[in-house]
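Sequence lines set the chain letters: A, B, ... in the order given, protein chains first and strands last, and positions in each chain run from 1.
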Protein chains: 2
Amino acid sequence: MKKAKRNSLEARGWRVGSVAEFLVLSAEDAALVETKLALSGALRARREAKKLTQQQLAKLLKSSQSRVAKMEAGDPSVSVDLLLKGLFALGANPREVGRALHHAA
Amino acid sequence: MKKAKRNSLEARGWRVGSVAEFLVLSAEDAALVETKLALSGALRARREAKKLTQQQLAKLLKSSQSRVAKMEAGDPSVSVDLLLKGLFALGANPREVGRALHHAA
DNA sequence: AGAATATATGTCATATTTGACATAGTGTCA
DNA sequence: TGACACTATGTCAAATATGACATATATTCT
């Protein structure tokens, strides 16, 4: 995974810029991004499994549809905390989150 | 786990107050707290395994000793993002974090 | 004991994240 | 086609997290 990953990140708003700049995206940052993407994927999967709209999940979270969209898009403005709150609100537990992280990426 | 857990949380600065108030700590909130505690535990374990002081880890993270102390104490002012940054800076990867969550709590 | 080193706690200005809103895009059905 | 439901994207004031600092409390030496 190299150029494909970079494009995927850029598409999601990480604004990495040149390849050179991408290379300074440290391993730590990459791990954090990977983690966030795994969680946003799990969030969308769970929401869809429950046949909820983003609007409905937003209400559950006392948030807004636009923020839920950003959560699922892995937007950089979304914290891991918020993603976890979303997953837990959908009935996940820490063990399941652990499994999701362990398998993903 | 009931009163013991409440005391443990209060001791860590979650200021839960009365038992009645504790009961309104929803399952979602509890799951998030559990997650944070699992991560702070893992952080301390990794730091100590590497024989680093909080000061040294702070430098690595471009943060401060006091914040590292709060990270390891599971202080409510610390985000999951910051805990993950700490773990990744210590060489953990998302899979290992997943394992830690899956086993803990 | 006391000095040295490590960790904990409280506070605060600054930085980042948040919900909310507007609006644009996408898919579906008549 | 157009109306409808859902999702995506941009912006911003308010809320929350952050690093830094001072200082308190352990812990570990001699």
Interatomic distance, [X] [atom1] vs [N] [atom2] [rounded to whole Å]:
{"X": "A:E72", "N": "D:dA8", "atom1": "CD", "atom2": "C1'", "answer": "11 Å"}
{"X": "A:M71", "N": "C:dT18", "atom1": "CE", "atom2": "P", "answer": "8 Å"}
{"X": "A:D75", "N": "D:dT9", "atom1": "CG", "atom2": "P", "answer": "8 Å"}
{"X": "A:L61", "N": "C:dG19", "atom1": "CG", "atom2": "P", "answer": "8 Å"}

Could you tell me whether the side chain of [Y] reaches within less than 4.5 Å of the side chain of [X], counting heavy atoms only?
{"X": "A:R47", "Y": "A:E72", "value": "yes"}
{"X": "A:V97", "Y": "A:L84", "value": "yes"}
{"X": "B:K59", "Y": "B:Q56", "value": "no"}
{"X": "A:P94", "Y": "A:F88", "value": "yes"}
{"X": "B:M71", "Y": "B:L82", "value": "yes"}
{"X": "A:L101", "Y": "A:L39", "value": "yes"}

First encountered from the 5' end of DNA chain C, between B:R44 and B:D81: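 On the 5' side of the pair lies B:R44.
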Hey, is the main chain of [Y] close enough, under 3.5 Å, to the side chain of [X] for a donor-acceptor pair?
{"X": "A:K36", "Y": "A:V78", "value": "yes"}
{"X": "B:K50", "Y": "B:A45", "value": "no"}
{"X": "B:D81", "Y": "A:S79", "value": "no"}

Candidate nucleotides C:dT18, D:dT9, C:dT7, ranked by approach to the side chain of A:L82 - the nearest: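 The nucleotide sitting nearest to the side chain is C:dT18.
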Donor-acceptor side-chain pairing of A:Q65 and A:Q55 below 3.5 angstrom: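 The criterion, which ignores hydrogens and geometry beyond distance, is not satisfied for A:Q55 and A:Q65.
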Axis deviation across the helix from C:dA1-D:dT30 to C:dA30-D:dT1, five-pair ends, to the nearest 10°: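 Answer rounded to 10°: the end axes differ by 50°.
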Within residues 48-59 of chain B, residues whose heavy atoms come under 4.0 Å of DNA chain D: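 By residue number: none to list.
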Lys/Arg N to Asp/Glu carboxylate O, B:E34 vs A:R95, below 4.0 Å: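 No.
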Sugar-phosphate, base or nothing in reach of A:V68, heavy atoms under 4.0 Å: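 The answer is nothing, as A:V68 stays clear of every strand by at least 4.0 Å.
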C:dT18 OP1/OP2 closer than 4.0 Å to side-chain N/O of A:S79: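 Indeed, a polar side-chain atom of A:S79 lies that close.
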Using a cut-off of under 3.5 Å, enumerate the N/O to N/O pairs linking the protein to nucleotides 20-27 of chain D.
| unit_1 | atom_1 | unit_2 | atom_2 | d |
| --- | --- | --- | --- | --- |
| D:dA20 | OP2 | B:S63 | O | 3.0 |
| D:dA20 | N7 | B:S64 | OG | 3.2 |
| D:dA20 | N7 | B:S66 | OG | 3.4 |
| D:dC21 | N4 | B:S66 | OG | 2.4 |

